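Take a look at the structure set out below.
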2 protein chains.
Amino acid sequence: MPARGVTSLDVARLAGVSQSTVSRVFSAEDRVSEETRARVLAAAQNLGYQPNVLARSLTTQQSNIVGIVTHISNPFYPYIIEKLTRKLQEMGRQTLLFSVEPDQDVDEILPLVLQYRVDALIITSASLSSEMASQCERQGTPVVLFNRYVPGAKVSAVCCDNIEGGRLVANLLLDAGHKRLAHIAGRAPTSTNRDREKGFADRLRERGYGTWLRDESDHAYQSGREAAQRLFRRPDRPDAIFCVSDAVAFGAIDAARYDCGLRIPEDVSIVGFDDLPTAAWPAYSVTTIREPVNRMVDLTLELLVERIEHPQAEPVLELLPGQVVKRTSARLAI
Amino acid sequence: MPARGVTSLDVARLAGVSQSTVSRVFSAEDRVSEETRARVLAAAQNLGYQPNVLARSLTTQQSNIVGIVTHISNPFYPYIIEKLTRKLQEMGRQTLLFSVEPDQDVDEILPLVLQYRVDALIITSASLSSEMASQCERQGTPVVLFNRYVPGAKVSAVCCDNIEGGRLVANLLLDAGHKRLAHIAGRAPTSTNRDREKGFADRLRERGYGTWLRDESDHAYQSGREAAQRLFRRPDRPDAIFCVSDAVAFGAIDAARYDCGLRIPEDVSIVGFDDLPTAAWPAYSVTTIREPVNRMVDLTLELLVERIEHPQAEPVLELLPGQVVKRTSARLAI
DNA sequence: TTGAAAGCGATACCAT
DNA sequence: ATGGTATCGCTTTCAA
């Protein structure tokens, strides 16, 4: 018969000490004599005792749990979540994972998240209303947006500079002498999607480039492939496509080669965004904008800790530059 | 000044009812008059109150949290975790994520997991000692292994039938008339790795096939590519490779085409295992063994719920058959 | 250094 | 239908 729930009191009785003492042994180094500490640890070991951190959170007002809201179908995020989780673990915090659909509003799930009294919240997909942002504030739950920002709201955010990234791509393609440009944009109205497109468009206009084609996708391979097919089947088919993300670029490359019989980069250049590990594989070898993910992750956690410790601190928007990674999916300047 | 921590008592005072009543409104439909319910909800809304589920867990002895221990570098798992998380969410439970290194023992992290009083635990990578398994049992925490099993231990497991999968591959390659077979095995001593190799080897022997080459990898693209390079550079280079997983197969395919100038499948056949979404992309088009992931996920959750509700139930080992998916990375029977 | 006792924020039993 | 109160497992004064 399993002893359902060994408590500190059980340990105390076995060790012949008070329950307070057991608590001391298992919390931050309080003054406990070596001898009693040993007795307590022995008793705990004996009973298989593990402190209940949920109960602890009641008194300490800290759960040591960080919520992460994400949607995983964009392959950029598993990659980020792994890094975040690993580092949080090193800091003694755990990750409570919430999955949302790309089109689903974070606002829907936020009340649920808040019920778990997470010490902080990282949102890597979609954004949240300023109403919900202030609800988090009221509960004292700091929020950091990863690769998103909400212009009005009082939440911190860590972002790749997507506008500048879009501009870099425009330069790259124009410098290579491309004549018929296209952009496969992200469908959702997120800051990331908007900014990548805006930077691209702004720079094209600045350089006097007239019009370009446009299609949409949802950051996934299949929808990128379909969008590219539509573009390639036009009479004025593009000779270069800027894809909103690498996942879309993989689809576009396969559409070119396998669906439409085009050579890359001779017939068409494809540029992505993110620099996923797969972008370096020779089968794709995608020219792309590398997001500084390690620094983004580190910064996210720094901001998080900062705001956990100083809840009154002003929210910060960190914008990190992306970097062109030239591979073989795009023609180079002549 | 943010009101740190709105409690049910605050709501009660504002609504002019007892704290018990507020509790009733927010827990399973207890009998509360429509009128008071409305008053309470209004007050709660007003204060931005969300019940503290951590506190609730103290009395209910249920955290509604399910732990998932995994390592995410194998791309099979993000895919699984997303499915699990989504379905758990639909069941009103949340996912607490723990990340381990492939070579790291789950035993190390298990005490930490247990401190969070998760209602149940899913382990998708590495396995656990029977000692730890019994510690879970003692705490009343049901464990389900996903794609792993521990022969001795009393824990439930849901697995693809990896032995049979290995046999299927052996048949496939011999039927196609291949003469110099190789296997890129998984380095870690897990049941998955062992069984895939065992099934393959057993079947080869049964069919009187003499010896085959062997190398190792860690389920990741890069190490698969390197293992394949080593094989291809041998004087007796293989004309067919069975890779322990799709991720390794991608690496092997790129090694063949881009590092060694071999054609697929004319010069060498590559077979994977898992059927990741990427395996269907035409750039790889991997012949592979499809794991029935949807059924595996559903079964995992069924077993979980079953054991949460009936902790005394005997552990179950579910073995689901994989299925050959023929694409173009392997030659077919003549 | 150790113990007693008062919370933390909820649930649940027992009255009314 | 509602309120009072003991309780969950721990931390944290306050005394000793």
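These numbers come from a predicted model, not from an experiment. Here is how names work: the chains are called A, B, and so on, in the same order as the sequence lines, proteins then strands, and each is numbered from 1.
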### Query
Considering only heavy atoms and no angle criterion, is a donor-acceptor pair shorter than 3.5 Å present between the side chain of B:Thr36 and the base of D:dA1?
no

### Task
Rounded off to whole Å, could you give me the CG-to-C1' distance for the A:Leu58 and C:dT11 pair?
12 Å

### Task
Check whether any side-chain heavy atom of B:Arg117 sits under 4.5 Å from a side-chain heavy atom of B:Gln62, and report yes or no.
no

### Task
Just call it for B:Arg56: base, sugar-phosphate, or nothing, with non-hydrogen atoms closer than 4.0 Å on any strand.
sugar-phosphate

### Task
Decide, yes or no, whether a salt bridge links B:Glu35 with B:Arg39 under the criterion of side-chain N to carboxylate O below 4.0 Å.
yes

### Task
Look at the side chain of B:Thr7 and decide which nucleotide, out of D:dG9, C:dG9, D:dC10, has an atom nearest to it.
C:dG9

### Nucleotide nearest A:Gln19 (side chain, heavy atoms from C-beta), chosen from C:dA4, D:dT11, C:dA10
D:dT11

### Message
Tell me whether the side-chain N or O atoms of A:Thr59 pair up with the base of C:dG7 as donor and acceptor below 3.5 Å, since no angle test is needed here.
### Response
no

### Query
Rounded to whole angstrom units, what separation is found between the CZ atom of B:Arg13 and the P atom of D:dG3?
14 Å

### Summary
Whole-Å distance, A:Asn52 CG to C:dG9 P, equals 16 Å

### Task
Determine the contact category for B:Ser23: base if any of its heavy atoms lies under 4.0 Å from a base atom, sugar-phosphate if only primed atoms, P, OP1 or OP2 are that close, otherwise nothing.
base

### Task
State, yes or no, whether a side-chain contact exists between B:Val143 and B:Ser156 at a heavy-atom distance under 4.5 Å.
no

### Query
Distance check: side-chain N/O of A:Ser8 vs OP1/OP2 of D:dG9, anything under 4.0 Å?
no

### Query
Within a reach of under 6.0 Å around CD of A:Gln45, are more than 12 heavy atoms found that belong to other residues, nucleotides or ligands?
no

### Task
Using atom CG of A:Leu54 as one end and atom P of D:dG9 as the other, report the distance to the nearest whole Å.
12 Å

### Query
Among the nucleotides C:dA10, C:dC8, C:dC14, which one has an atom lying closest to any side-chain atom of B:Tyr49?
C:dA10

### Query
Between B:Thr36 (side chain) and B:Ser33 (backbone), is there a donor-acceptor pair under 3.5 Å?
yes

### Task
Measure the distance from CG on B:Asn64 to P on C:dT11 and round it to the nearest whole Å.
12 Å

### Query
Atom CD of A:Gln62 to atom P of D:dT12: distance rounded to whole Å?
10 Å

### Task
Ignoring hydrogens and angles, answer whether the base of D:dG9 and the side-chain atoms of B:Arg117 contain a donor-acceptor pair closer than 3.5 Å.
no

### Message
Taking any heavy-atom pair under 4.0 Å as a contact, classify A:Val17: base, sugar-phosphate, or nothing.
### Response
sugar-phosphate

#### Entry: Value in whole Å for how far the C1' atom of D:dG3 lies from CG of B:Leu9
13 Å

### Task
Measure the distance from CZ on A:Arg24 to P on D:dT12 and round it to the nearest whole Å.
11 Å

#### Entry: Ionic contact status for A:Glu34 with A:Arg37, cut-off 4.0 Å
yes

### Message
Check this for me, if you would: do A:Glu90 and A:Arg86 make a salt bridge, where the nitrogen-to-carboxylate-oxygen distance has to be below 4.0 angstrom?
### Response
no

### Summary
Regarding the side chain of A:Val32, the nearest nucleotide among C:dA10, C:dT2, D:dT12 is C:dT2

### Task
Indicate, with a heavy-atom threshold strictly under 4.0 Å, whether B:Ser20 touches base, sugar-phosphate, or nothing.
base

#### Entry: Angle of first-five versus last-five pair axes in the helix from C:dT1-D:dA16 to C:dT16-D:dA1, to 10 degrees
30°

### Query
Taking the side chain of A:Ser33 as heavy atoms from C-beta outward, which of D:dT11, C:dA10, C:dT2 is closest to it?
C:dT2

### Query
Which residue lies toward the 5' end of DNA chain D, A:Val53 or B:Arg31, if each is placed at its nearest nucleotide?
B:Arg31

### Task
Please find out if less than 6.0 Å separates the ring center of A:Tyr49 from that of A:Phe26.
yes

